[in-house]
Amino acid sequence: MKRVLFAALPVVMFATVAQADLVGKPIPIGIAVAQTSNVALLGEEEVIGARVAEKYFNAHGGVNGTPIKLIFQDTGGDEAGAINSFQNLINRDKVVGIVGPTLSQQAFSADPIADRAKVPVIGPSNTAKGIPQIGEYVGRVSAPVAVVAPNALKQVLKEHPGIKKVAVLYAQNDAFNTSESGTFQETVKKMGLQIATIQKFQTTDTDFTTQVTAVLGAKVDLAIVSGLSADGGNLVKQLRQLGYKGPIIGGNGLNTANIFPVCGQYCEGIIIAQAYSPSADPKNAINKAMVKEYRDKYKKDPPQFMAQTFTAVQVFVEALKKVEGVNKKKITQMDLAKVRVDLNKQIRTGTYLTPIGKISLDKEGEIHQENFYVAKIKMNPDNKTGRYDYVK
Ligand code: 1QQ
(Lines give C-alpha, C1' and ligand atoms only; values in the text may rest on other atoms or scores of the structure.)
Protein backbone atom coordinates (compact mmCIF):
# COMPACT_ATOMS: atom_id res chain seq x y z
CA MET A 1 0.00 0.00 0.00
CA LYS A 2 2.74 2.38 1.06
CA ARG A 3 4.74 1.59 -2.06
CA VAL A 4 1.86 2.42 -4.38
CA LEU A 5 1.37 5.76 -2.69
CA PHE A 6 5.03 6.71 -3.07
CA ALA A 7 5.14 5.66 -6.66
CA ALA A 8 2.04 7.68 -7.53
CA LEU A 9 3.10 10.84 -5.77
CA PRO A 10 5.78 12.14 -8.14
CA VAL A 11 3.52 11.58 -11.14
CA VAL A 12 0.77 13.69 -9.61
CA MET A 13 3.23 16.44 -8.68
CA PHE A 14 4.79 16.49 -12.12
CA ALA A 15 1.41 16.84 -13.83
CA THR A 16 0.42 19.73 -11.56
CA VAL A 17 3.67 21.62 -12.08
CA ALA A 18 3.67 21.11 -15.82
CA GLN A 19 0.08 22.31 -16.26
CA ALA A 20 0.72 25.44 -14.23
CA ASP A 21 3.23 26.52 -16.90
CA LEU A 22 0.59 27.60 -19.39
CA VAL A 23 -2.69 27.86 -17.54
CA GLY A 24 -4.44 31.21 -17.56
CA LYS A 25 -1.71 33.02 -19.50
CA PRO A 26 -1.18 34.07 -23.10
CA ILE A 27 0.82 31.47 -25.05
CA PRO A 28 4.54 32.33 -24.81
CA ILE A 29 6.64 32.12 -27.99
CA GLY A 30 10.35 32.98 -27.80
CA ILE A 31 12.03 35.40 -30.20
CA ALA A 32 15.81 35.02 -29.97
CA VAL A 33 17.42 37.39 -32.47
CA ALA A 34 20.26 39.92 -32.50
CA GLN A 35 19.20 43.25 -31.02
CA THR A 36 22.75 44.39 -30.29
CA SER A 37 26.19 43.98 -31.95
CA ASN A 38 26.89 44.33 -35.67
CA VAL A 39 24.38 41.58 -36.35
CA ALA A 40 21.62 43.87 -35.05
CA LEU A 41 21.77 45.50 -38.49
CA LEU A 42 20.07 42.28 -39.61
CA GLY A 43 18.21 41.37 -36.41
CA GLU A 44 16.48 44.73 -36.04
CA GLU A 45 14.18 43.95 -38.97
CA GLU A 46 13.36 40.59 -37.39
CA VAL A 47 12.22 42.25 -34.15
CA ILE A 48 9.87 44.43 -36.20
CA GLY A 49 8.55 41.41 -38.11
CA ALA A 50 7.82 39.59 -34.86
CA ARG A 51 6.10 42.59 -33.28
CA VAL A 52 3.90 43.19 -36.32
CA ALA A 53 2.98 39.49 -36.34
CA GLU A 54 2.08 39.48 -32.63
CA LYS A 55 -0.22 42.44 -33.11
CA TYR A 56 -1.75 41.00 -36.28
CA PHE A 57 -2.46 37.51 -34.95
CA ASN A 58 -3.76 38.68 -31.60
CA ALA A 59 -6.10 41.07 -33.40
CA HIS A 60 -7.28 38.03 -35.37
CA GLY A 61 -8.10 35.91 -32.31
CA GLY A 62 -4.65 34.52 -31.44
CA VAL A 63 -4.81 30.75 -31.05
CA ASN A 64 -8.56 30.01 -31.16
CA GLY A 65 -9.20 32.88 -28.76
CA THR A 66 -6.07 32.66 -26.59
CA PRO A 67 -3.58 35.46 -27.27
CA ILE A 68 0.09 34.78 -27.93
CA LYS A 69 2.85 36.62 -26.09
CA LEU A 70 6.26 37.01 -27.67
CA ILE A 71 9.19 36.87 -25.29
CA PHE A 72 12.25 38.62 -26.69
CA GLN A 73 15.81 37.63 -25.87
CA ASP A 74 18.72 39.54 -27.37
CA THR A 75 21.22 37.01 -28.70
CA GLY A 76 23.83 39.56 -29.71
CA GLY A 77 25.94 38.45 -32.64
CA ASP A 78 27.72 35.38 -31.30
CA GLU A 79 27.14 31.77 -30.34
CA ALA A 80 27.31 32.30 -26.56
CA GLY A 81 24.58 34.93 -26.72
CA ALA A 82 22.34 32.64 -28.76
CA ILE A 83 22.89 29.70 -26.40
CA ASN A 84 22.12 31.82 -23.36
CA SER A 85 18.95 33.20 -24.95
CA PHE A 86 17.73 29.74 -25.90
CA GLN A 87 18.35 28.43 -22.37
CA ASN A 88 16.44 31.32 -20.79
CA LEU A 89 13.51 30.89 -23.14
CA ILE A 90 13.34 27.13 -22.68
CA ASN A 91 13.86 26.84 -18.92
CA ARG A 92 12.88 30.16 -17.39
CA ASP A 93 10.23 31.54 -19.76
CA LYS A 94 8.84 28.12 -20.68
CA VAL A 95 8.04 29.05 -24.25
CA VAL A 96 6.24 26.64 -26.53
CA GLY A 97 8.78 27.26 -29.30
CA ILE A 98 11.51 29.60 -30.48
CA VAL A 99 11.88 31.84 -33.54
CA GLY A 100 15.61 32.41 -34.06
CA PRO A 101 18.51 32.86 -34.05
CA THR A 102 19.53 35.47 -36.66
CA LEU A 103 22.65 33.79 -38.03
CA SER A 104 23.27 30.23 -39.19
CA GLN A 105 26.57 30.50 -37.34
CA GLN A 106 24.57 30.93 -34.12
CA ALA A 107 22.01 28.27 -35.08
CA PHE A 108 24.63 25.53 -35.31
CA SER A 109 25.46 26.17 -31.62
CA ALA A 110 22.08 27.08 -30.11
CA ASP A 111 19.63 24.86 -32.02
CA PRO A 112 21.02 21.58 -30.60
CA ILE A 113 20.05 22.84 -27.11
CA ALA A 114 16.42 23.29 -28.14
CA ASP A 115 16.54 20.00 -30.00
CA ARG A 116 17.68 18.12 -26.90
CA ALA A 117 14.98 19.84 -24.82
CA LYS A 118 12.38 18.93 -27.49
CA VAL A 119 11.47 22.57 -28.11
CA PRO A 120 10.59 23.44 -31.72
CA VAL A 121 12.76 26.07 -33.41
CA ILE A 122 11.90 27.96 -36.57
CA GLY A 123 14.84 29.79 -38.13
CA PRO A 124 13.68 33.10 -39.61
CA SER A 125 16.89 33.79 -41.51
CA ASN A 126 19.19 30.76 -41.30
CA THR A 127 20.03 29.95 -44.90
CA ALA A 128 23.20 27.84 -44.67
CA LYS A 129 23.21 24.28 -45.87
CA GLY A 130 22.46 21.77 -43.08
CA ILE A 131 20.22 23.80 -40.75
CA PRO A 132 17.15 21.50 -40.74
CA GLN A 133 19.50 18.54 -40.34
CA ILE A 134 20.66 19.86 -36.93
CA GLY A 135 17.81 17.90 -35.41
CA GLU A 136 14.21 16.79 -35.35
CA TYR A 137 13.06 20.01 -33.64
CA VAL A 138 14.79 22.41 -36.04
CA GLY A 139 13.01 23.93 -39.02
CA ARG A 140 13.22 27.15 -40.99
CA VAL A 141 11.15 29.52 -43.10
CA SER A 142 14.27 31.00 -44.73
CA ALA A 143 14.91 29.21 -48.00
CA PRO A 144 18.46 27.88 -48.27
CA VAL A 145 21.20 29.65 -50.21
CA ALA A 146 21.25 26.76 -52.67
CA VAL A 147 17.84 27.78 -54.03
CA VAL A 148 17.97 31.55 -53.47
CA ALA A 149 21.49 32.68 -54.41
CA PRO A 150 21.66 31.32 -58.02
CA ASN A 151 18.78 33.66 -58.98
CA ALA A 152 21.08 36.68 -58.62
CA LEU A 153 23.67 35.19 -60.97
CA LYS A 154 21.07 34.33 -63.60
CA GLN A 155 19.76 37.89 -63.50
CA VAL A 156 23.21 39.46 -63.82
CA LEU A 157 24.06 37.27 -66.79
CA LYS A 158 20.84 38.33 -68.46
CA GLU A 159 21.84 41.96 -68.05
CA HIS A 160 25.55 41.40 -68.84
CA PRO A 161 25.80 38.45 -71.24
CA GLY A 162 29.52 39.13 -71.84
CA ILE A 163 30.63 38.13 -68.34
CA LYS A 164 33.44 35.56 -68.33
CA LYS A 165 35.70 36.07 -65.31
CA VAL A 166 34.35 36.19 -61.79
CA ALA A 167 35.81 37.13 -58.40
CA VAL A 168 34.28 35.45 -55.37
CA LEU A 169 34.79 36.99 -51.91
CA TYR A 170 33.50 35.64 -48.61
CA ALA A 171 33.77 35.85 -44.84
CA GLN A 172 35.41 32.57 -43.95
CA ASN A 173 34.66 32.75 -40.20
CA ASP A 174 30.91 32.56 -40.74
CA ALA A 175 28.93 29.41 -41.55
CA PHE A 176 26.32 31.09 -43.73
CA ASN A 177 28.85 33.06 -45.79
CA THR A 178 30.97 29.97 -46.37
CA SER A 179 27.88 28.04 -47.42
CA GLU A 180 26.56 30.81 -49.65
CA SER A 181 29.91 31.31 -51.34
CA GLY A 182 30.07 27.57 -52.03
CA THR A 183 26.73 27.82 -53.83
CA PHE A 184 27.90 30.86 -55.79
CA GLN A 185 31.10 29.08 -56.82
CA GLU A 186 29.22 25.97 -57.98
CA THR A 187 26.73 28.07 -59.93
CA VAL A 188 29.48 30.13 -61.59
CA LYS A 189 31.16 26.92 -62.79
CA LYS A 190 27.86 25.37 -63.91
CA MET A 191 27.19 28.44 -66.02
CA GLY A 192 30.51 27.97 -67.79
CA LEU A 193 32.15 31.04 -66.24
CA GLN A 194 35.64 31.18 -64.81
CA ILE A 195 36.42 31.84 -61.15
CA ALA A 196 39.44 34.11 -61.58
CA THR A 197 40.06 34.66 -57.87
CA ILE A 198 38.65 33.60 -54.50
CA GLN A 199 39.27 36.08 -51.68
CA LYS A 200 38.57 35.38 -48.03
CA PHE A 201 38.07 37.77 -45.13
CA GLN A 202 36.67 37.91 -41.59
CA THR A 203 33.32 39.41 -40.55
CA THR A 204 35.33 41.62 -38.16
CA ASP A 205 37.59 43.06 -40.92
CA THR A 206 37.39 46.71 -41.88
CA ASP A 207 40.30 47.00 -44.33
CA PHE A 208 39.94 45.05 -47.57
CA THR A 209 42.87 46.48 -49.55
CA THR A 210 44.49 43.07 -50.03
CA GLN A 211 41.33 41.46 -51.36
CA VAL A 212 40.39 44.40 -53.58
CA THR A 213 43.91 44.56 -55.05
CA ALA A 214 43.66 40.88 -55.97
CA VAL A 215 40.24 41.41 -57.59
CA LEU A 216 41.52 44.34 -59.65
CA GLY A 217 44.60 42.34 -60.64
CA ALA A 218 42.43 39.46 -61.86
CA LYS A 219 40.54 41.80 -64.23
CA VAL A 220 37.16 40.23 -63.52
CA ASP A 221 33.78 41.10 -65.08
CA LEU A 222 31.78 40.34 -61.94
CA ALA A 223 32.39 40.38 -58.17
CA ILE A 224 30.29 38.31 -55.77
CA VAL A 225 30.42 39.30 -52.10
CA SER A 226 29.25 37.05 -49.26
CA GLY A 227 29.65 38.99 -46.02
CA LEU A 228 27.52 40.19 -43.15
CA SER A 229 26.14 43.71 -43.30
CA ALA A 230 29.03 45.85 -42.00
CA ASP A 231 32.00 43.96 -43.45
CA GLY A 232 30.17 43.29 -46.72
CA GLY A 233 29.16 46.93 -47.03
CA ASN A 234 32.69 48.15 -46.39
CA LEU A 235 34.10 45.67 -48.87
CA VAL A 236 31.74 46.90 -51.60
CA LYS A 237 32.68 50.48 -50.77
CA GLN A 238 36.42 49.76 -51.03
CA LEU A 239 35.96 47.81 -54.26
CA ARG A 240 34.39 50.90 -55.83
CA GLN A 241 36.76 53.40 -54.24
CA LEU A 242 39.78 51.52 -55.55
CA GLY A 243 38.34 51.42 -59.05
CA TYR A 244 36.29 48.25 -59.62
CA LYS A 245 33.60 49.17 -62.17
CA GLY A 246 31.81 45.90 -62.97
CA PRO A 247 28.60 44.52 -61.52
CA ILE A 248 28.48 43.35 -57.90
CA ILE A 249 26.29 40.60 -56.51
CA GLY A 250 25.71 40.74 -52.77
CA GLY A 251 24.58 37.79 -50.69
CA ASN A 252 21.85 37.57 -48.09
CA GLY A 253 24.08 39.29 -45.50
CA LEU A 254 23.76 42.50 -47.53
CA ASN A 255 20.00 42.16 -47.74
CA THR A 256 19.07 45.06 -45.50
CA ALA A 257 18.66 48.81 -45.86
CA ASN A 258 20.90 49.05 -42.80
CA ILE A 259 23.91 48.67 -45.14
CA PHE A 260 23.03 51.92 -46.93
CA PRO A 261 24.86 54.12 -44.42
CA VAL A 262 27.84 51.70 -44.59
CA CYS A 263 28.51 51.74 -48.34
CA GLY A 264 26.64 54.98 -49.08
CA GLN A 265 26.74 55.95 -52.77
CA TYR A 266 28.73 52.79 -53.50
CA CYS A 267 25.76 50.59 -52.60
CA GLU A 268 24.20 51.67 -55.89
CA GLY A 269 23.47 48.75 -58.20
CA ILE A 270 24.29 45.84 -55.86
CA ILE A 271 22.21 42.89 -56.98
CA ILE A 272 20.69 40.62 -54.32
CA ALA A 273 18.43 37.59 -54.62
CA GLN A 274 15.26 37.75 -52.51
CA ALA A 275 12.98 35.25 -50.84
CA TYR A 276 10.30 37.93 -50.48
CA SER A 277 8.74 40.61 -52.64
CA PRO A 278 6.27 43.08 -51.11
CA SER A 279 4.25 43.39 -54.30
CA ALA A 280 4.61 39.95 -55.91
CA ASP A 281 1.03 38.83 -55.53
CA PRO A 282 -1.76 41.42 -55.22
CA LYS A 283 -4.17 38.65 -54.15
CA ASN A 284 -2.07 37.70 -51.09
CA ALA A 285 -4.27 39.14 -48.32
CA ILE A 286 -1.98 38.49 -45.37
CA ASN A 287 0.93 40.08 -47.18
CA LYS A 288 -1.21 43.09 -48.04
CA ALA A 289 -2.16 43.51 -44.38
CA MET A 290 1.47 43.17 -43.27
CA VAL A 291 2.76 45.60 -45.91
CA LYS A 292 0.12 48.16 -44.93
CA GLU A 293 0.99 47.92 -41.25
CA TYR A 294 4.70 48.34 -42.03
CA ARG A 295 4.24 51.14 -44.57
CA ASP A 296 2.00 53.13 -42.23
CA LYS A 297 4.69 53.09 -39.59
CA TYR A 298 7.98 53.14 -41.53
CA LYS A 299 6.92 54.83 -44.80
CA LYS A 300 8.65 52.19 -46.92
CA ASP A 301 8.22 48.60 -48.02
CA PRO A 302 8.95 45.78 -45.58
CA PRO A 303 12.26 43.98 -46.10
CA GLN A 304 12.81 40.24 -46.46
CA PHE A 305 14.01 39.54 -42.89
CA MET A 306 10.93 41.29 -41.52
CA ALA A 307 8.59 39.23 -43.70
CA GLN A 308 10.37 35.97 -42.90
CA THR A 309 10.13 36.57 -39.14
CA PHE A 310 6.44 37.43 -39.44
CA THR A 311 6.08 34.15 -41.31
CA ALA A 312 7.86 32.18 -38.57
CA VAL A 313 5.41 33.53 -35.96
CA GLN A 314 2.52 32.73 -38.29
CA VAL A 315 3.64 29.11 -38.64
CA PHE A 316 3.71 28.79 -34.85
CA VAL A 317 0.23 30.32 -34.47
CA GLU A 318 -1.34 28.11 -37.14
CA ALA A 319 0.40 24.98 -35.88
CA LEU A 320 -0.75 25.76 -32.30
CA LYS A 321 -4.32 25.87 -33.58
CA LYS A 322 -3.81 22.47 -35.13
CA VAL A 323 -2.44 21.13 -31.82
CA GLU A 324 -5.65 22.26 -30.10
CA GLY A 325 -7.72 20.62 -32.84
CA VAL A 326 -5.93 17.28 -32.59
CA ASN A 327 -6.03 17.19 -28.77
CA LYS A 328 -9.50 18.77 -28.48
CA LYS A 329 -8.03 20.85 -25.67
CA LYS A 330 -6.78 24.38 -25.16
CA ILE A 331 -2.99 24.79 -25.29
CA THR A 332 -3.27 26.41 -21.86
CA GLN A 333 -4.77 23.24 -20.39
CA MET A 334 -2.08 20.99 -21.82
CA ASP A 335 1.20 19.80 -20.43
CA LEU A 336 3.99 22.05 -21.78
CA ALA A 337 6.21 19.15 -22.84
CA LYS A 338 3.35 17.64 -24.84
CA VAL A 339 2.52 20.99 -26.44
CA ARG A 340 6.14 21.32 -27.61
CA VAL A 341 6.25 17.80 -29.07
CA ASP A 342 2.85 18.07 -30.78
CA LEU A 343 3.64 21.56 -32.03
CA ASN A 344 6.80 20.34 -33.70
CA LYS A 345 4.75 17.67 -35.49
CA GLN A 346 2.01 20.06 -36.60
CA ILE A 347 4.51 22.62 -37.93
CA ARG A 348 5.44 19.98 -40.50
CA THR A 349 1.90 19.33 -41.77
CA GLY A 350 -0.10 21.19 -44.40
CA THR A 351 0.60 24.47 -46.13
CA TYR A 352 0.68 28.07 -44.92
CA LEU A 353 -0.45 31.13 -46.86
CA THR A 354 2.09 33.67 -45.67
CA PRO A 355 3.51 37.02 -46.75
CA ILE A 356 6.33 35.13 -48.51
CA GLY A 357 3.71 33.10 -50.42
CA LYS A 358 2.41 29.58 -50.04
CA ILE A 359 4.90 27.51 -48.06
CA SER A 360 5.21 24.20 -46.27
CA LEU A 361 7.83 22.61 -44.06
CA ASP A 362 8.75 19.03 -44.86
CA LYS A 363 9.43 16.23 -42.37
CA GLU A 364 12.97 17.46 -41.88
CA GLY A 365 11.83 21.02 -41.24
CA GLU A 366 13.04 22.39 -44.57
CA ILE A 367 10.92 25.08 -46.18
CA HIS A 368 9.32 24.61 -49.57
CA GLN A 369 8.57 27.93 -51.16
CA GLU A 370 7.29 28.72 -54.64
CA ASN A 371 8.74 32.04 -55.75
CA PHE A 372 12.03 33.91 -55.58
CA TYR A 373 13.02 37.35 -56.77
CA VAL A 374 15.98 39.60 -57.47
CA ALA A 375 16.39 43.22 -56.42
CA LYS A 376 18.89 45.96 -57.20
CA ILE A 377 19.86 48.69 -54.76
CA LYS A 378 18.92 52.19 -55.82
CA MET A 379 20.39 54.93 -53.64
CA ASN A 380 18.76 58.29 -53.04
CA PRO A 381 20.69 61.55 -53.67
CA ASP A 382 21.43 61.81 -49.92
CA ASN A 383 23.58 58.66 -50.33
CA LYS A 384 22.36 57.36 -46.97
CA THR A 385 18.91 56.11 -47.84
CA GLY A 386 17.71 54.09 -50.77
CA ARG A 387 15.56 51.14 -51.74
CA TYR A 388 15.52 47.68 -53.24
CA ASP A 389 14.13 47.81 -56.79
CA TYR A 390 12.75 44.45 -57.85
CA VAL A 391 14.13 43.46 -61.26
CA LYS A 392 12.70 39.92 -61.23
C1 1QQ B 1 22.45 33.23 -42.26
C2 1QQ B 1 21.97 34.35 -43.07
C3 1QQ B 1 22.18 35.72 -42.56
C4 1QQ B 1 22.50 36.69 -43.63
C5 1QQ B 1 20.91 36.08 -41.86
C6 1QQ B 1 20.78 37.43 -41.33
O7 1QQ B 1 21.37 34.13 -44.11
O8 1QQ B 1 23.20 33.41 -41.29
O9 1QQ B 1 22.06 32.10 -42.57
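Both counts, for ligands and for their atoms, begin at 1 and track the order of listing. Treat the numbers as computed from the prediction; the structure is a model and nothing was measured. Values below: every heavy atom of this structure, side chains too, minus hydrogens, waters and symmetry copies.
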Discussion item. Here's one to test your reading of the geometry: is the NZ or CZ of R51 within 45 degrees of the ring axis of F310 and under 6.0 Å from its centre?
Written reply: no
Discussion item. Whether E159 and K376 form a salt bridge (side-chain N of Lys/Arg under 4.0 Å from carboxylate O of Asp/Glu) is what I want to check.
Written reply: yes
Response to the item:
Residue, atom and distance of the protein heavy atom nearest atom 7 (O) of ligand 1 read T127 OG1, 2.8 Å
Worksheet entry | Protein contact to atom 8 (O) of ligand 1 [nearest heavy atom, distance to 0.1 Å] | S104 N, 2.8 Å
Item to complete: Could you list which atoms of ligand 1 come closer than 4.0 Å to a heavy atom of N126?
Response: 9 (O)
Item to complete: For this output row, return yes or no: ring centroids of Y276 and F305 closer than 6.0 angstrom.
Response: no
Worksheet item: Taking N or O atoms only and a 3.5 Å limit, does N252 qualify as a polar contact for ligand 1?
Response: yes
Worksheet item: Against heavy atoms of G253, which atoms of ligand 1 measure under 4.0 Å?
Response: 4 (C)
Worksheet item: Do F201 and Y170 make the cut of ring centroids closer than 6.0 angstrom?
Response: no
Worksheet item: Hey, quick one: are I83 and L89 part of the same hydrophobic cluster, counting side-chain heavy atoms closer than 4.5 Å, chains of contacts allowed?
Response: yes
Fill in: Atom indices of ligand 1 within 4.0 angstrom of T102 heavy atoms, with elements
5 (C), 6 (C)
Worksheet item: Does the ring centre of F260 sit less than 6.0 Å away from the ring centre of Y388?
Response: yes
Worksheet, complete the sentence: L42 heavy atoms within 4.0 Å reach ligand 1 at atoms 6 (C)
Fill in: Shortest reach to atom 3 (C) of ligand 1 by a heavy atom, considering only A128, G123, S125, P101
S125
